Amino acid sequence: MAQHNIPLSYEASEGVSDTMKVTPELPSEVVQCLNNARFLHLATCNDNIPHVSLMNYSYLPHTPWDDLPVVIMTTNPASKKYHNIMANPNVSLLVHDWVSHRPSTSAQRRMSAGGSPGPEVRSTLAEMLFNLNSSAVSSISATIGGKARVIEPGSETEKYYRDVHIENHRFETEASTGTVGLGPFAGFNNQAAPPAQQGDGGRQCFVEGEAVCVIVVRIHEVRIADWKGNVTDWGISANDTRTVEASGGGPVVNGNAD
């Protein structure tokens with residue numbers, strides 16, 4: 001009889017636990033990740049057809065209207081994500097602090113060299129990113145569950161969220177060096193700044209554009225996974241800090257008792 005090798009992180013990945021933690025605030029490591037990351041992935045779904053988008057975003061621990069943390073995004077009302085949210089407001093967000101540059105593989109080197117491996121060539125910036133990753137700068141990914149709503153266009157609430165979102169995307173490097181959207185690597189190796197419409201992360205059309213509408217996600221739960229495969233589930237509830245027993249002692253997956 002064949003034996004199946006169970007991954008070392010199997011139990012953690014399945015969320016096998018009889019308790020979950022509930023807190024009115026996001027865990028500090030998730031807040032740090034949200035404050036440091038440039039983009040996140042937004043997953044929406046309609047008619048059982050999922051859709052994932054790369055998004056500019058802004059994080060707020062609370063707002064004048066809500067004690068719970070929220071994530072602000074903008075999108076064109078003609079977009080697929082907009083229509084999905086209107087039909088199904090339940091969304092999932094993925095944010096992480098892993099360096100996303102992928103080192104070259106031996107197979108890629110063979111293909112680029114016509115079948116024979118050649119010396120690997122990596123740009124100075126890519127080399128720095130690779131070394132940062134190797135130094136264990138990266139630590140977690142956070143899968144955030146919440147409910148999205150489209151803010152009424154032209155309202156004072158929309159103006160508040162839009163102003164916060166725009167201000168959050170005015171980066172200091174733009175004023176000091178003229179370099180747009182390169183974060184801590186702005187001006188590195190005396191490279192010329194890219195054109196604003198390419199290097200600002202789409203701010204001018206995706207954040208400040210007149211045609212965009214404001215979407216706010218109220219965070220309800222978060223699953224934190226670290227590089228060792230450890231997984232922790234948190235429920236987010238205003239003015240509530242406790243430990244909740246899963247129904248029937250079953251596993252807690254994404255903050256919900258099965």
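Residues take their numbers from the sequence shown, with the count starting at 1. Just so it is clear, the model here is predicted, and its values are computed rather than measured.
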For a 4.5 angstrom cut-off between non-hydrogen side-chain atoms, does [X] reach [Y]?
X	Y	result
V70	V217	no
L93	V71	yes
V231	R223	yes
Y161	V216	yes
P27	I224	yes
I215	I85	yes

Sequence neighbours excluded, which residues qualify as salt bridge (charged side-chain N to carboxylate O under 4.0 Å, His left out) partners of [X]?
X	value
E29	none
K147	none
R149	none
D163	K159

Intermediate values then yes/no, side chain to side chain contact (heavy atoms under 4.5 Å, CB included), V214 and V150:
CA-CA 6 Å; V214 176; V150 177; over 6 Å; no

To check you understand the geometry: which heavy-atom pair defines the closest contact between [X] and [Y], and what is its length?
X	Y	answer
A37	H96	CB-O, 3.9 Å
P50	C45	N-SG, 4.0 Å
F39	V95	O-CG2, 4.3 Å
E25	I236	O-CD1, 4.0 Å
Y82	N76	CB-O, 3.7 Å
M73	N56	CG-O, 3.5 Å

Donor on one side chain, acceptor on other, S58 and H165, under 3.5 Å
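A donor-acceptor contact under 3.5 Å links the two side chains.
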
Tell me, please, which residues at least two apart from S155 pass side-chain hydrogen bond (donor to acceptor under 3.5 Å, both in side chains).
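side-chain hydrogen bond (donor to acceptor under 3.5 Å, both in side chains) check on S155 returns nothing, list empty.
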
My understanding is that only residues two or more places apart in sequence, or in another chain, count here; which of them pass side-chain hydrogen bond (donor to acceptor under 3.5 Å, both in side chains) with D226?
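For D226, the residues satisfying side-chain hydrogen bond (donor to acceptor under 3.5 Å, both in side chains) (neighbours in sequence not counted) are N230.
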
Rounded to the nearest 0.5 Å, how far apart are [atom1] of [X] and [atom2] of [Y]?
X	Y	atom1	atom2	value
S139	K228	OG	NZ	11.5 Å
L40	M55	CG	CE	7.5 Å
Y57	L34	OH	CG	5.0 Å
N90	H220	CG	NE2	8.5 Å
N46	K80	CG	NZ	7.0 Å
C33	D97	SG	CG	4.5 Å

Stepwise side chain to side chain contact (heavy atoms under 4.5 Å, CB included) test for E221 and I144:
CA-CA 6 Å; E221 62 186 22; I144 298 169; over 6 Å; no

Check the surroundings of atom NE2 in H51: do more than 12 heavy atoms from other residues, nucleotides or ligands lie under 6.0 Å from it?
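Counting neighbours around NE2 of H51, more than 12 heavy atoms of other residues, nucleotides or ligands fall under 6.0 Å, so yes.
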
Honestly curious: do L60 and W65 fall in one hydrophobic cluster under the side-chain, below-4.5 Å linking rule?
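Yes, it is one cluster - the side chains of L60 and W65 are joined through contacts under 4.5 Å.
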
Starting from Y59, can I reach L68 by hopping between I/L/V/M/F/W/Y residues whose side chains sit under 4.5 Å apart?
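As far as the 4.5 Å side-chain criterion goes, Y59 and L68 are connected within one cluster.
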
Between C213 and T75, is a side chain to side chain contact (heavy atoms under 4.5 Å, CB included) present by the stated rule, with each step listed?
CA-CA 6 Å; C213 59; T75 188; 4.0 Å; yes

For the side chain of N35 and the backbone of V31, is there at least one donor-acceptor N/O pair under 3.5 Å apart?
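Between the backbone of V31 and the side chain of N35 there is a qualifying donor-acceptor contact (under 3.5 Å).
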
Please confirm whether the backbone N or O of N84 pairs with a side-chain atom of N88, one donor and one acceptor, at under 3.5 Å?
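Absent.
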
Run the side chain to side chain contact (heavy atoms under 4.5 Å, CB included) test on T143 and V222 for me, step by step, so that the C-alpha distance in whole Å, both residues' side-chain angles and the decisive distance to 0.1 Å come before the verdict.
CA-CA 6 Å; T143 302; V222 59; over 6 Å; no

Residue pair D233, K21: steps toward the salt bridge (charged side-chain N to carboxylate O under 4.0 Å, His left out) verdict:
CA-CA 7 Å; D233 288 322; K21 297 179 180 180; over 6 Å; no

